[in-house]
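Residue numbers start at 1 and run along the sequence shown.
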Amino acid sequence: MGNSKSGALSKEILEELQLNTKFTQEELCTWYQSFLKECPSGRISKKQFESIYSKFFPDADPKAYAHHVFRSFDSNNDGTLDFKEYMIALHMTSSGKTNQKLEWAFSLYDVDGNGTISKPEVLEIITAIFKMITAEDQKHLPEDENTPERRTNKIWDFFGKKDDDKLTEGEFIQGIMNNKEILRLIQYEPQKVKEKIKEKKQ
């Protein structure tokens, strides 16, 4: 990204982000200025990303989840996110189209990046999500989903898979489209993320 250090967003990136996210030009420019304040180099490291994520969730431990979110958006695997990757991450996790969101969710759960999801990978992400749910909120969860293991079993059963089966992206997306209950189980309550992002922008 040749232009990543300048104070203004390049026209190409601005147009691409307006096309791929719901943000307006004005919002994107505001986000860009605050992004540069936090990350003067124009790139954000995993540690910085985790730290920003932690500000959204002061009462929880989002580090493990942030780590996986970062991995899923570091599209060129260089260990940093540029502004474009960062904004697409924000958009996808807060208000992306269902299909885009599900493609992203697949890459989030495909921890080793081999193109399929295994049950241990689901457990790894669900465990990270549970670290962000306060102990008080966990008490109110239904009994068959009040631990990472139980929630993982419930998800895997919904997909009709045996313990050592794998899920392809097509099966993952189709399964969720057919059963909205799975969508609720695989995500951290996005409403809370949306509220945090709104608060941050004001």
Run the side-chain contact (heavy atoms from CB on, under 4.5 Å) test on Y109 and E121 for me, step by step, so that the C-alpha distance in whole Å, both residues' side-chain angles and the decisive distance to 0.1 Å come before the verdict. CA-CA 6 Å; Y109 277 85; E121 286 176 316; 5.7 Å; no

Spacing of [atom1] belonging to [X] relative to [atom2] belonging to [Y], to within rounding of 0.5 Å:
X    : Y    : atom1 : atom2 : result
L102 : Q174 : CG    : CD    : 10.0 Å
I155 : L183 : CD1   : CG    : 10.5 Å
S72  : L108 : OG    : CG    : 5.0 Å
F73  : I88  : CZ    : CD1   : 8.5 Å
S107 : F172 : OG    : CZ    : 9.0 Å
N76  : D82  : CG    : CG    : 7.0 Å

Test log, rule side-chain contact (heavy atoms from CB on, under 4.5 Å), inputs R150 and E143: CA-CA 8 Å; R150 285 177 181 169; E143 200 173 316; 3.9 Å; yes

Checking side-chain contact (heavy atoms from CB on, under 4.5 Å) for the pair D110/D112: CA distance, chi angles, key distance, verdict? CA-CA 6 Å; D110 181 13; D112 62 8; 3.1 Å; yes

Side-chain heavy atoms of [X] within contact of [Y], under 4.5 Å:
X    : Y    : answer
Q18  : L28  : yes
M87  : F35  : no
V122 : R151 : no
F159 : I176 : yes
F70  : E50  : no
H91  : F23  : yes

Closest contact, heavy atoms only, [X] versus [Y]:
X    : Y    : result
S54  : P62  : CA-CG, 3.7 Å
D74  : G79  : OD2-N, 2.7 Å
G115 : F106 : O-CZ, 3.3 Å
S118 : W156 : C-CH2, 3.7 Å

Is [X] reaching over with its side chain to a backbone N or O of [Y], donor-acceptor style, under 3.5 angstrom?
X    : Y    : answer
S51  : K47  : no
Q25  : L14  : no
N146 : L141 : no
E145 : P142 : no
N20  : E16  : yes
N99  : E103 : no
E85  : S75  : yes

Does the side chain of N153 come under 3.5 Å of the side chain of K119 through a donor N or O and an acceptor N or O?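 Yes, because at least one side-chain N or O of N153 sits under 3.5 Å from a partner of the opposite role on K119.
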
May I ask you to check whether K46 and H67 show a side-chain donor-acceptor distance below 3.5 Å?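 There is such a pair between these side chains.
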
Looking at F83, W31, Y32, which one forms a side-chain contact (heavy atoms from CB on, under 4.5 Å) with L17? F83

Hydrophobic cluster identity match, F158 and I125, side-chain contacts under 4.5 Å: yes

Linking I/L/V/M/F/W/Y whenever their side-chain heavy atoms sit closer than 4.5 Å, directly or via other members, would L123 and I117 fall into one cluster?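 No, L123 does not connect to I117 through the hydrophobic network.
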
In terms of side-chain geometry, is the basic nitrogen of R184 or E181 positioned less than 4.0 Å from the acidic oxygen of its partner? yes

Applying side-chain contact (heavy atoms from CB on, under 4.5 Å) to I52 and Y86, what does each step give before you reach the verdict? CA-CA 11 Å; I52 289 170; Y86 177 67; 3.9 Å; yes

Other residues, nucleotides, ligands: >12 heavy atoms within 6.0 Å of K154 NZ: yes

